[in-house]
Trainee: 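Once you've had a glance at the structure underneath, I'll fire off some questions.
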Amino acid sequence: MLSNLVSIGGQLLLLIIVYVIVAPIGRKAISKAMDHVAKRQKLHEGRKKTLENLLLNVFTYVLLFFFIVTFLGILGIPLAPILAGAGIVGLAVGFGAQGLVSDIVTGFFILIEKQIDVDDYVTAGGHDGIVEELGLRTTQLRGFDGTLHFIPNRYIQAVNNHTRGNMRALVDMGIGYSENIDQAMEILQNVCDRFREDDRIKEGPDVVGVQSLGSSDVVLRVIAQTEKMLQWEVERDLRKAMKEALDDAGIEIPFPHHTIIQKQDD
């Protein structure tokens, strides 16, 4: 009896050691293999991370399954009744797991159709943010306020991917009605010309003209095409440079005024 317990304990210890060794080796092998495939297939970094995370998840689940099966085998627990019972339970659960099946099917098509990759900026499932992880069941988006959204794939009815191709930087500048519009447009275009050598900008920027007539200002619009995820940074830099240029030229940028009328007592 004692020798039998020692034998079982030794086998369990060996199983745990093998699991502890195989798990990190397998993960490193998958990462290296994906690096090789990415170079050969010329995959961009986001696509490589997406496929790598998916393979790592599958590897973890498969390894855990074999660990549990081997663990039960060492303990001498028969697997056939357990598998049969699991089949019955699985059938019962299956009727209530339609949402899970829908998640997996939707996630599969999102991966196959390359709708989303890790590090993409997207709007999906009523949220927008950067894709941190894309799985068969859920998609994780990191919002700009730091919130991590876990979205079941079945709720992703439409995907707006904001990082495919160049992005648009748009800046509106208002000037007073009494100012010379042509002079203001020329000043803004000079600012735009200085930005043409900026590596972040792929096309433009250009002054497209009068966008609208506001209650107290004439709005001039500037548009440029930028590298993905850099449009907001370019907009901030353009807005600052154009404000300084208009100030140097003495062109007024209107701001709200309040007129106070004080009634004198008779």
Side-chain angles (χ1 to χ4, degrees), residues 46 115-117 119-131 139 141-149 151 155-266:
Q115 300 176 18
I116 300 176
D117 285 324
D119 294 334
D120 283 355
Y121 167 46
V122 302
T123 300
H127 301 280
D128 63 325
I130 307 298
V131 179
T139 296
L141 297 185
R142 177 74 67 177
F144 288 105
D145 62 351
T147 303
L148 183 61
H149 303 286
I151 305 174
Y155 293 133
I156 302 179
Q157 303 297 325
V159 175
N160 299 323
N161 195 321
H162 306 289
T163 51
R164 297 291 171 86
N166 295 333
M167 302 304 295
R168 185 181 71 174
L170 186 150
V171 178
D172 287 337
M173 293 295 293
I175 62 172
Y177 273 96
S178 61
E179 304 296 340
N180 187 308
I181 295 178
D182 291 332
Q183 179 190 6
M185 291 177 59
E186 181 179 354
I187 292 171
L188 294 182
Q189 188 59 55
N190 290 336
V191 174
C192 293
D193 292 341
R194 298 204 306 266
F195 275 79
R196 290 185 182 276
E197 302 302 322
D198 194 314
D199 293 336
R200 301 170 297 176
I201 298 177
K202 296 303 180 183
E203 182 179 337
D206 292 297
V207 180
V208 297
V210 178
Q211 174 62 23
S212 63
L213 301 176
S215 58
S216 61
D217 61 351
V218 177
V219 180
L220 305 179
R221 172 159 291 184
V222 174
I223 292 179
Q225 297 292 325
T226 73
E227 287 275 9
K228 64 179 183 180
M229 301 302 295
L230 296 180
Q231 62 269 29
W232 303 293
E233 180 181 324
V234 171
E235 286 176 354
R236 289 191 293 269
D237 292 344
L238 276 171
R239 197 173 288 113
K240 177 177 181 294
M242 290 190 295
K243 168 66 167 59
E244 292 173 346
L246 291 176
D247 286 345
D248 291 341
I251 295 179
E252 178 190 7
I253 300 177
F255 57 91
H257 292 76
H258 295 280
T259 301
I260 300 176
I261 301 176
Q262 185 173 2
K263 184 178 180 180
Q264 299 290 335
D265 294 333
D266 294 336

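Along the sequence shown, residues carry numbers from 1.
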Trainee: Would you give the length of the straight line joining atom CE of M242 to atom CD1 of I187, rounded to the nearest 0.5 angstrom?
Mentor: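 Reported value, rounded in 0.5 Å steps: 12.0 Å.
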Trainee: Could you work out, with side chain to side chain donor-acceptor pair (under 3.5 Å) as the rule, every residue matching T139, not counting sequence neighbours?
Mentor: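 By the side chain to side chain donor-acceptor pair (under 3.5 Å) rule, T139 matches N153.
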Trainee: Measure the shortest side-chain to side-chain distance between I181 and L220 over non-hydrogen atoms and say whether it is less than 4.5 angstrom.
Mentor: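 Touching, per the 4.5 Å side-chain cut-off.
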Trainee: Has D199 got more than 12 heavy atoms of other residues, nucleotides or ligands less than 6.0 Å from its CG?
Mentor: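 Incorrect, the count does not exceed 12.
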Trainee: Could you walk me through whether Q189 and D193 pass the side chain to side chain donor-acceptor pair (under 3.5 Å) check?
Mentor: CA-CA 6 Å; Q189 188 59 55; D193 292 341; 3.1 Å; yes
Trainee: What pairs with E244 under salt bridge (charged side-chain N to carboxylate O under 4.0 Å, His left out), at least two apart in sequence or on another chain?
Mentor: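 E244 satisfies salt bridge (charged side-chain N to carboxylate O under 4.0 Å, His left out) with K240 once adjacent residues are dropped.
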Trainee: Are Q225 and R168 packed together at the side-chain level, in the sense that at least one heavy-atom pair is separated by less than 4.5 angstrom?
Mentor: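 In short, these two side chains touch, coming nearer than 4.5 Å.
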Trainee: Does anything in residues 211-232 form a ring pair (Phe, Tyr, Trp, His ring centres under 6.0 Å)? List the pairs, not counting sequence neighbours.
Mentor: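 Listed by first then second residue: Y121-W232, F144-W232.
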Trainee: For residues M167 and M229, determine if any side-chain heavy atom of one lies less than 4.5 Å from a side-chain heavy atom of the other.
Mentor: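 The answer is no, as the side chains (C-beta and beyond) never meet within the 4.5 Å cut-off.
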Trainee: Could you work out, with side chain to side chain donor-acceptor pair (under 3.5 Å) as the rule, every residue matching T123, not counting sequence neighbours?
Mentor: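 Scan of T123 (side chain to side chain donor-acceptor pair (under 3.5 Å), adjacent residues dropped) gives H162.
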Trainee: Going by the rule side chain to side chain contact (heavy atoms under 4.5 Å, CB included), which residues pair with H149 if we only count those two or more places apart in sequence or in a different chain?
Mentor: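 In terms of side chain to side chain contact (heavy atoms under 4.5 Å, CB included), with neighbours along the sequence ignored, H149 is linked to H127, L141, T147, I151.
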Trainee: How far apart are the closest heavy atoms of L170 and E235, and which atoms are they?
Mentor: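 The pair with the smallest heavy-atom distance is N-OE2, 2.9 Å.
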Trainee: What closest approach, in Å, do P254 and S216 show between heavy atoms, and which atom pair accounts for it?
Mentor: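 That closest heavy-atom pairing would be CG-O, 3.3 Å.
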Trainee: Which residues pass the side chain to side chain contact (heavy atoms under 4.5 Å, CB included) test with K243, not counting sequence neighbours?
Mentor: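 Expected list: M173, D247, I253.
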Trainee: With ring pair (Phe, Tyr, Trp, His ring centres under 6.0 Å) as the rule and sequence neighbours excluded, what pairs involving residues 200-227 come up?
Mentor: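 Every pair satisfying ring pair (Phe, Tyr, Trp, His ring centres under 6.0 Å) with a residue in residues 200-227: there are none.
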Trainee: About how many Å separate CD of E233 and CG of D198, when rounded to the nearest 0.5 Å?
Mentor: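 Result: 8.0 Å between the selected atoms.
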Trainee: Which residues satisfy the side chain to side chain contact (heavy atoms under 4.5 Å, CB included) test with S215, sequence neighbours excluded?
Mentor: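 Here no residue qualifies.
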Trainee: Salt bridge (Lys or Arg N to Asp or Glu O under 4.0 Å): which pairs involve residues 203-222, sequence neighbours left out?
Mentor: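 Those involving residues 203-222 are D172-R221, R196-D206.
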Trainee: Say you draw a straight line from CD1 of I175 to CD1 of I251; how long is it, rounded to the nearest 0.5 Å?
Mentor: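 That separation rounds to 6.0 Å.
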Trainee: So do L188 and L246 actually touch side chain to side chain, heavy atoms under 4.5 Å?
Mentor: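 Side-chain contact under 4.5 Å: yes.
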Trainee: Write out all pairs satisfying ring pair (Phe, Tyr, Trp, His ring centres under 6.0 Å) with one or both partners inside residues 177-219, taking only residues at least two apart or from two chains.
Mentor: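 For residues 177-219, and leaving out neighbouring residues, there are no ring pair (Phe, Tyr, Trp, His ring centres under 6.0 Å) pairs at all.
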Trainee: Restricting to salt bridge (charged side-chain N to carboxylate O under 4.0 Å, His left out), what partner residues turn up for D237, sequence neighbours left out?
Mentor: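 Partners of D237 by the salt bridge (charged side-chain N to carboxylate O under 4.0 Å, His left out) criterion, ordered by chain and then number, come out as R200.
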Trainee: Could you report the tightest heavy-atom contact between V210 and L213, atom names first, then the distance?
Mentor: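 Closest pair (atom of V210, atom of L213, distance): CG1-CD2, 4.1 Å.
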Trainee: Please report the interatomic distance CZ(R194) to CG(N190), rounded to the nearest 0.5 Å.
Mentor: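 Separation between the atoms: 7.5 Å.
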Trainee: What residues form a side chain to side chain contact (heavy atoms under 4.5 Å, CB included) with E227, not counting sequence neighbours?
Mentor: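 Per chain and number, E227 pairs via side chain to side chain contact (heavy atoms under 4.5 Å, CB included) with K202, L230.
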